[in-house]
Protein chains: 2
Amino acid sequence: MQAQVRDVARLAGVSSGTVSNALNHPEKVSPATRERVQQAIAELGFVPNIAARQLRRGTNDSIGMIVLDIANPFFTAVARGVEERLSGVGRPLVMAHSGQDHEREKAYLDLFAEQRLSGVLVTPVGQVLDRLRRLRDRGTAIVVVDRKTGAREFSSVSVDDTLGGTLATQHLLDVGRRRIAFLGGPERLTQIKHRLGAARRAVEQHGSGEVWHVDSPTLDVEAGRVGAAALLDLPPGRRPDAIFAANDLVALGVLQTLTLAGVRVPDDIAIVGYDDNEFAAAAAIPLTSVRQPAVEMGAAATGRLLEVIEDPHAKVEHIVLSPELVVRRSTVA
Amino acid sequence: MQAQVRDVARLAGVSSGTVSNALNHPEKVSPATRERVQQAIAELGFVPNIAARQLRRGTNDSIGMIVLDIANPFFTAVARGVEERLSGVGRPLVMAHSGQDHEREKAYLDLFAEQRLSGVLVTPVGQVLDRLRRLRDRGTAIVVVDRKTGAREFSSVSVDDTLGGTLATQHLLDVGRRRIAFLGGPERLTQIKHRLGAARRAVEQHGSGEVWHVDSPTLDVEAGRVGAAALLDLPPGRRPDAIFAANDLVALGVLQTLTLAGVRVPDDIAIVGYDDNEFAAAAAIPLTSVRQPAVEMGAAATGRLLEVIEDPHAKVEHIVLSPELVVRRSTVA
DNA sequence: TGAACCGATTGAATCGTTTCAATGTGAGTG
DNA sequence: CACTCACATTGAAACGATTCAATCGGTTCA
């Protein structure tokens, strides 16, 4: 029913091998024949069946990316970096969305394994070491983005969360804040652990002040709203004078709730966000935030991935980028 | 080198046909055998080669989505709707990003055609009717999202842009604005055409006032900044007293630039955005915006797509959803 | 003139799974 | 006891492209 090489071959008056060559090794076919084949392809609307091609070739040029949270501008910025690095390389990028859901993450890793992709960029949610190993053993290159895997057996690109946590906290201390609520979770994320740990250490080192953790199941605007509401429920004397939000989405939620409640930012409570996404600067009160080089991270991870694809035995490398503090009105009047 | 059915079969002491049945038609295999096969699969780390499966089966369960602009929360919200509708259906969603680039759009449509996906959701950028037809002729179901194709031969789900344009403009007129700059482009997008056209008609019908178009090559925050700067360059008497931004990203850029320039919003210039994305309410001055039911659109498009997959001859249907105006501080003090 | 060589083309084998007609094995029935 | 019938299993064919050794036809050169 659907045209295949056979049909194209017949119409062009050549063999199927020649059609294939015209498609994949044009230099092996005389210009005249090539032309006839092209004509026949156009006439029949022939589209090669990639399954057959891939089965025979044994490889798939595509690169897969499992995005942790597509609604978070930070991750879409990472994706932008990936695409930029990939442009002109001739490898399509297919994306899947885990949405922090471990089951979906597993399902997509399995799908990518079945598809025998050349490479996969992943920001793992749960325990997927076994799947990543299987993927690698099947010949798929892997680079971990925005994480370091426990076993460190895969190359990774991440941003120094400890430094980020220190920068934010140090800044809050510098502007005179002492009661800092760290808002966001879940706590098991290494991100959270490192940023929070650094905050605690910074305060400790400073000698005065305190940090406490307000957990949340997710890291979105709603989590910020809920967390801020919980803090407002505290008796005035026990409220924080600063909130360190685990990312900018949370910070925006916090800002919204505080503003609605008549709390003055930064006078009553200062807010520091994390990521410095595109919306941080456009917020009601422009957010002080820890800028993560998201685009650069995506590009670096992709560069590394392409190297691993070329040489599967390339040695494992962990690239760690540095964040920087961007001060805006949410912490200084 | 890599385990295949043959190897699993040998280890489990059965034939390859039985292994395949254990995988795809478990009810045809006795529990004991099924168990042995599972064991062998686990032991060998066997992952079926999807290319071979697909070649034989002739179908691919996956659904593809070509996202127009992954950095725009509106489209990620649409994607969320798609995922929600798809959850539990057992069809993986793979996404590709055209980023408004017609070449990339074509490349991904070709990739999806080669992959023989079950269905594709697409928000077309350029002239792709021929490719969509070819895709359909190859047996891939297609639903157009947030557009109606010229020829109307594909089912679509969109939002009434004329109504949206009318709502926004009527509101601006109601709050006493008369000089309205419509900011955003490119003009060839039907979106833009309809919203702008409706704005012009609303003003005309009202009897007084004027609307003019400030074009932009893209619809992002930067476009808003640039457009607003251009408007500020006008002599005070020729400046608008309201800006109708083609989407919220543009509106945020406008807001940023106006605020930095000391223009009072809404006193000097009112701003209406479009989409009512998650960040509109959290903006420096909360944005009045035309809310588009993005999640619902994604869900509806997916529902339609699943129907077309079931019955390729299902009749073409155009679902048009209605936007609604959300009034916030950027238009009323 | 014949051998050597060259580029273009052919066509059968191949990739790894699924499918399906055929076969085997008991259990149940008259 | 012979005969069905149901169920489990087998094994070879098939999916549609690519590959590669073999062939073809023509040119060049000794």
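Convention: sequence-line order gives letters A, B, ...; per-chain numbering from 1. As the structure is a computational prediction, the values presented were derived from the model and not from experiment.
No more than 12 heavy atoms of other residues, nucleotides or ligands sit less than 6.0 Å from atom CD of B:Gln127.
A rotation axis mapping the C1' atoms of four pairs onto the next four is fitted at both ends of the helix from C:dT1-D:dA30 to C:dG30-D:dC1 over five pairs, and the angle between these axes is 50° to 10 degrees.
Rounding to whole angstrom units, CD1 of residue A:Ile50 and P of C:dG16 are separated by 17 Å. Across the protein-nucleic acid pair, A:Arg53 atom CZ and D:dT19 atom C1' stand 13 Å apart, rounded to whole Å. The interatomic distance linking A:Gln54 (CD) with D:dA17 (C1') rounds to 12 Å, in whole Å. In this structure, the CD1 atom of A:Ile41 is 13 Å from the C1' atom of D:dA17, given to the nearest Å. The NE2-P distance, from B:His25 to D:dA8, rounds to 14 Å in whole Å. Per the geometry, CD belonging to A:Gln2 stands 13 Å off C1' belonging to D:dC15, to the nearest Å. In this structure, A:Asn49 atom CG and D:dA14 atom P are separated by 18 Å, rounded to whole Å. Rounded to an integer number of Å, the gap from CZ of B:Arg6 to P of C:dT17 is 8 Å.
The distance from atom CG of A:Leu132 to atom CZ of A:Phe112, rounded to the nearest 0.5 Å, is 12.0 Å.
In this structure, B:Arg134 pairs ionically with B:Asp110, as a charged nitrogen and a carboxylate oxygen lie closer than 4.0 Å. Under the 4.0 Å criterion applied to side-chain N and carboxylate O atoms, B:Glu105 and B:Arg131 are not assigned as salt-bridge partners. A salt bridge links A:Arg10 and A:Asp7; the closest N-O separation between the charged side-chain nitrogens and carboxylate oxygens is under 4.0 Å.
Under a 3.5 Å cut-off, the side chain of A:Glu83 and the backbone N or O of A:Leu93 do not form any donor-acceptor pair. No donor-acceptor distance shorter than 3.5 angstrom exists from the side chain of B:Gln54 to the backbone of B:Asn60, with no hydrogens or angles considered. Side-chain atoms of A:Arg36 come within 3.5 Å of backbone N or O of A:Ala12 as a donor-acceptor pair.
The side chain of B:Gln4 approaches C:dT17 more closely than any other nucleotide in the set C:dT18, C:dT17, D:dT19.
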Could you pull out the protein-nucleic contacts involving nucleotides 8-13 of chain C (nitrogen or oxygen on both sides, under 3.5 Å)?
from, atom 1, to, atom 2, distance (Å)
C:dT9, OP1, A:Ser30, OG, 3.4
C:dT9, OP1, A:Thr33, OG1, 2.4
C:dT9, OP2, A:Ser30, N, 3.2
C:dT10, OP2, A:Ser15, N, 2.7
C:dT10, OP2, A:Ser15, OG, 3.0
C:dT10, OP2, A:Thr18, OG1, 2.7

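In this structure, the side chains of A:Leu135 and A:Ile142 come closer than 4.5 Å at one or more pairs of heavy atoms.
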